[in-house]
Amino acid sequence: MPLYTAHLPKWKKDEISEIKRLSEEYKLMGLVDMYGIPARQVQDIRRNLKGKAELRMTRNTLIEHALGEIGGEIKDLGGKLDGHSALIFTNENPFKLYSMLEKTKTKMAARPGELAPTDIVVEKGPTSFKPGPIVGELQQAGIPAAIEAGKVTIRETKTVVKEGQEISKKLADALAKLDVKPMDVGLLLQAAFFEGTVYESDVLAIDEVAFYNNIITAAKQAFNLSLNAAIPTKDTASDLLTKAVREARNVVVEAAVVSSDVMDAIIGKAQSQAMALQSVVE
Amino acid sequence: MEYIYAALLLHKAGKEVNESAVQAVLSAAGIAVNESRVKALVAALDGVDIEDAISKAAVAPVAVAAAAAPA
Amino acid sequence: MEYIYAALLLHKAGKEVNESAVQAVLSAAGIAVNESRVKALVAALDGVDIEDAISKAAVAPVAVAAAAAPA
Amino acid sequence: MEYIYAALLLHKAGKEVNESAVQAVLSAAGIAVNESRVKALVAALDGVDIEDAISKAAVAPVAVAAAAAPA
Amino acid sequence: MEYIYAALLLHKAGKEVNESAVQAVLSAAGIAVNESRVKALVAALDGVDIEDAISKAAVAPVAVAAAAAPA
Amino acid sequence: MEYIYAALLLHKAGKEVNESAVQAVLSAAGIAVNESRVKALVAALDGVDIEDAISKAAVAPVAVAAAAAPA
Amino acid sequence: MEYIYAALLLHKAGKEVNESAVQAVLSAAGIAVNESRVKALVAALDGVDIEDAISKAAVAPVAVAAAAAPA
């Protein structure tokens, strides 16, 4: 390996050793896709990750060199490299990094030719524009614009492009003017090397809402099982008693078994039956 | 309401809700019976599915709860 | 439920809900009266404010209407 | 209410809800048994589908009022 | 559920809900008692305010109804 | 509640919920296992359709008050 | 769902929900453990208030009804 790098210029050698140093300093080394992220957004993301993760943009060839010199399983990361990859380092595990990156996503305007990530809707209402050629531009983009009370106004809420469809140049321009930012931009974790294993993006995506709902479901199932199978636990003993009493009350009222504790409920039922019948009769 | 109770009583006991039966029940309760009200009751109940009408009473509170919940 | 209706009938008629009165009403309806159930009913009603229990039932349908309307 | 608990205990255990069984359960719990209440209970439950009655939500006017009030 | 009713029965009778009492009630009902279940019940009930749990039942039916309504 | 989760875990894994299996799971979690609770759990689950029991909503009475309050 | 059950089991037992503990519980239940799913579980739980999620489960039946009612 040293022979291989021997002929590299000094800045390249420095870059490679910097990557190696970072890979030793951090538990996780990952690849993120930088495609289409404007410089300003990259700055924002870098700021948001400060103290949690370090982003390093460098040439693919240098990354490959570094991976080769480190050796071992980490070389598999090289297979995930593409022209827009950057390196990311953190001490978090890959799942946390993934959700962290999801959270640092920001919105930006669509560029011509991009696909709508969701249905793009233009809301009804006045705009800040004064009457002028803008009205025609909006209309040509399929946006129902008109002049009302001396202002350019969107006459009705309209879905201008469906999810997955291409955004035309006219529409992209019009949306930008209306300050509609439909595109999510952020770093997409392509793969991560952590504690001896390479994790690919498909295993890293965890739907946090679904996950939370699963916890609730599990707790509900446990509660249901405890009550329905009458298994008393510390958490459910009181609920079990209430269930039993409720069942007893139901029987009392349903079968009109008189019992001093529930006479009000029985009379109430008889009375509401009487009122129901009366409303039919009158 | 006592006329209705008498009708329900007869119905629950599986008896026919006719004028003489209603009259008998009310009298037994010591109520001075108004004959035309008995006639009106029996006439009004003609063709009414009492069981069905009663079961709506049980439904009412359900509606209350359901309606109250999202408020 | 017929025992309860008999009690409500007597109550509405302003009569005391005692064993013999309940028995008389049920018999007039042609019901074979179970003495223990009559006793149990009268015992269970002791101390119960029937008017109060009735008025609570009255709250329900009103609430239904009120709650259902804006829904 | 203890008479009902005894009945449901027997029912849930798959036993017949008859007078002697109810009496035995109540006595074992140290309750002084009132024979006519036991008779009344067994008579009232005669012909009742207990499983069905258990699952039917009883109309509780008091609770309804409480729930409806803040709506 | 029979174990739970046994506990309620004892509570209503003003007795302590302990292993031997639960066992006695269940045996009187002709149930082959599972000792572990009795132990588990008594252990789970330790520190539970039974009266409080009972009082909640009066409110519950409305919720049941509410939950059932849209189903 | 951990005993219930152990049962759910075994059930979902397609394993039989028997004493030794429950014990193994709880021990692996570092829990000092109470043998009679394990026995009680397995006994209570005997004949129970777990799939059915976990999906049938059991209303938590405590929740009623909480849910009703903001209504 | 087994991974969630394992996590809740550990949580309820007052144990830390870490990778080795989850792995041990799942293995004891005879489940072939997927290491990266375990890692994902532990990572996803970080920042989740399990106690809070559990308490939502108790409220849920009512909440479901409330949400469904106006539909």
Side-chain angles (χ1 to χ4, degrees), chain A residues 209 212-280, chain E residues 1-23 25-71:
Chain A
V209 174
Y212 191 72
N213 287 336
N214 279 343
I215 296 175
I216 295 177
T217 301
K220 208 184 296 176
Q221 288 175 336
F223 179 80
N224 287 349
L225 183 60
S226 175
L227 258 67
N228 291 329
I231 306 167
T233 68
K234 273 276 159 232
D235 295 303
T236 54
S238 174
D239 293 326
L240 259 175
L241 289 172
T242 306
K243 180 175 189 255
V245 176
R246 194 184 327 123
E247 287 178 353
R249 285 180 65 99
N250 288 352
V251 172
V252 163
V253 175
E254 197 58 32
V257 179
V258 296
S259 171
S260 50
D261 324 29
V262 283
M263 279 319 283
D264 56 344
I266 299 178
I267 293 171
K269 185 181 181 197
Q271 181 63 14
S272 43
Q273 287 179 340
M275 288 189 300
L277 187 59
Q278 191 176 38
S279 69
V280 172
Chain E
M1 210 64 175
E2 54 272 35
Y3 289 71
I4 309 288
Y5 287 122
L8 282 171
L9 199 48
L10 287 163
H11 172 77
K12 267 284 169 180
K15 312 282 171 193
E16 198 198 334
V17 185
N18 59 34
E19 292 179 27
S20 65
V22 171
Q23 193 127 9
V25 171
L26 291 170
S27 298
I31 297 166
V33 184
N34 177 317
E35 208 184 311
S36 310
R37 291 189 70 181
V38 174
K39 268 189 211 300
L41 172 75
V42 172
L45 285 176
D46 184 50
V48 170
D49 183 340
I50 298 182
E51 210 44 56
D52 187 58
I54 289 175
S55 70
K56 277 177 188 147
V59 182
V62 174
V64 172

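Just so you know, these numbers come straight off a predicted model, no measurement behind them. Residue numbering restarts at 1 for every chain, and letters A, B, ... go by the order of the sequence lines.
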*Tell me, out of E:Asp49, E:Asp52, E:Val48, who's got the most heavy-atom pairs with chain A below 4.5 Å.*
E:Val48
_Rounded distance [0.5 Å steps], CZ in A:Arg246 versus CD1 in E:Ile54_ = 13.0 Å
*When rounded to the nearest 0.5 angstrom, what distance separates CG in A:Leu241 from NZ in E:Lys56?*
10.5 Å
*asked:* Out of A:Asn228, A:Leu240, A:Thr233, return the one with the most heavy atom pairs under 4.5 angstrom to chain E.
replied: A:Leu240
*Minimum heavy-atom separation for E:Ala44 to A:Ala237, with atom names?*
O-CB, 3.4 Å
*Which portion of E:Asp46 sits near chain A, non-hydrogen atoms under 4.5 angstrom*: both
_Euclidean distance, E:Ile50 CD1 relative to A:Thr242 OG1, rounded to 0.5 Å_ = 10.5 Å
*What are the two closest non-hydrogen atoms of E:Leu41 and A:Pro232, and how far apart are they?*
CA-CG, 3.7 Å
*Which atom pair, heavy atoms only, marks the closest approach of A:Ala230 to E:Met1?*
CB-N, 3.4 Å
*Neighbour count >12 (heavy atoms, 6.0 Å) for atom CD, E:Glu35*: no
